[in-house]
Amino acid sequence: MEPVNESTSGSLKWLVLPTLAAEVVLSGIMLGCYALFAALRQDILLGAALGTAAALVNFAAMILGLLRASKKENPLAAQLTSRILFVARMVVLLVVLVIALKSKRFDPLATLLPLCFMRLALMASELVRKKKKGVPAA
């Protein structure tokens, strides 16, 4: 990862925004499917909101953690920082999801699907970015 400066921080915004937008769109499509099959209930709406929010906050925390780690002079310190932040993010995410799902106010599938959508959103935004640059997809 290249060091963060004025030019990379501006371009970083345009790399992150499509991913966040794709996550929200995919969650909206999921809710549309629930509505299409007349299964849209309050627990599904709450689950989708929690799952989408958790995915977005987790992604933002990852980006901020990587930016913080990239500012380290020592590569080993940067790697250690990113690993510690990864473990902390996963523990917080797991605790929040377990507590939420144990409360029975959130639909489990509607809560967990948005977390899976983040992978799809990342792949889609990467494909769009490569297409814009004219780089052939691998």
Side-chain angles (χ1 to χ4, degrees):
M1 179 179 234
E2 62 186 83
V4 178
N5 55 36
E6 298 267 334
S7 65
T8 56
S9 65
S11 64
L12 180 68
K13 175 175 61 172
W14 296 110
L15 292 172
V16 171
L17 287 178
T19 304
L20 298 177
E23 170 71 23
V24 171
V25 166
L26 288 169
S27 295
I29 291 170
M30 176 190 73
L31 288 175
C33 290
Y34 273 110
L36 185 65
F37 294 111
L40 199 56
R41 302 181 312 265
Q42 183 179 1
D43 63 332
I44 291 172
L45 289 172
L46 288 173
L50 175 66
T52 303
L56 294 176
V57 169
N58 186 43
F59 183 69
M62 178 193 69
I63 294 297
L64 293 174
L66 290 176
L67 288 173
R68 184 174 162 195
S70 73
K71 291 180 181 178
K72 303 269 185 194
E73 294 293 324
N74 183 353
L76 290 176
Q79 188 177 29
L80 182 63
T81 299
S82 66
R83 285 186 182 180
I84 289 170
L85 291 173
F86 171 77
V87 170
R89 282 187 303 110
M90 292 302 109
V91 168
V92 168
L93 187 62
L94 184 65
V95 167
V96 167
L97 290 175
V98 165
I99 290 171
L101 293 175
K102 287 247 183 217
S103 75
K104 306 259 192 241
R105 295 193 63 209
F106 303 91
D107 181 72
L109 185 61
T111 304
L112 297 176
L113 276 177
L115 296 171
C116 300
F117 293 158
M118 185 52 77
R119 287 280 182 198
L120 295 172
L122 286 167
M123 287 190 312
S125 66
E126 185 66 19
L127 286 174
V128 167
R129 186 181 68 81
K130 284 183 178 181
K131 190 166 189 124
K132 281 185 180 179
K133 274 187 160 183
V135 177

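When reading the values below, keep in mind they use all heavy atoms of this one structure, side chains included, and skip hydrogens, waters and symmetry mates. All figures in this text were calculated on a predicted structure; none of them were measured in a lab.
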Rounded to the nearest 0.5 angstrom, the CG-CG distance for L112 and L97 is 6.5 Å
In this structure, CG of L80 is separated from CG of L76 (nearest 0.5 Å) by 8.5 Å
| message | Under 4.5 Å between side-chain heavy atoms, counting indirect links through other Ile/Leu/Val/Met/Phe/Trp/Tyr residues: same cluster for L109 and L40 or not? | response | yes
Heavy-atom closest pair (L85 atom, G65 atom, distance to 0.1 Å) is CD1-CA, 3.5 Å
All heavy atoms of A78 vs all of A69, minimum pair found to be CB-O, 3.1 Å
Sorted by chain and number, sequence neighbours left out, side-chain contact (heavy atoms from CB on, under 4.5 Å) with L46 holds for Q42, R105, F106
Residues G51 and P114: closest non-hydrogen pair is C-CB, 3.5 Å
Looking only at heavy atoms, the pair that brings A22 and A121 closest together is CB-CB, 3.6 Å
What one should report as the nearest heavy-atom pair of L50 and A100 is CD2-CB, 3.2 Å
One should read off an interatomic distance between L115 CG and N58 CG, to the nearest 0.5 angstrom, of 7.5 Å
inquiry  = With clusters defined by side-chain heavy atoms of hydrophobic residues (ILVMFWY) lying less than 4.5 Å apart, directly or transitively, does F86 cluster with V95?
reply    = yes
Any chance you could lay out the side chain to side chain contact (heavy atoms under 4.5 Å, CB included) test for V57 and L93, step after step, and finish with the verdict?
CA-CA 9 Å; V57 169; L93 187 62; over 6 Å; no
Value for CD1 (I63) from OG1 (T19), rounded to nearest 0.5 Å, stands at 7.5 Å
Between L66 and S82 the two heavy atoms that sit nearest each other are CD2-CB, 4.1 Å
Residue set satisfying side-chain contact (heavy atoms from CB on, under 4.5 Å) with A110, at least two apart, ordered chain then number -> M30, Y34, I44, D107
Is there a path of hydrophobic side-chain contacts, each under 4.5 Å between heavy atoms of I/L/V/M/F/W/Y residues, joining L31 to L56? no
Worksheet item: Has the side chain of E23 got a donor or acceptor atom that lies under 3.5 Å from a matching backbone atom of M118?
Response: yes
Rounded to the nearest 0.5 Å, the OG1 atom of T81 sits from the CZ atom of R68 at a distance of 6.5 Å
Is M62 reachable from L122 through a run of hydrophobic residues whose side-chain heavy atoms are each under 4.5 Å from the next?
yes
Do M123 and F117 belong together in a cluster built from hydrophobic side chains that touch within less than 4.5 Å?
yes
Taken in chain and number order and not counting sequence neighbours, the residues that satisfy side-chain contact (heavy atoms from CB on, under 4.5 Å) with V128 are K132
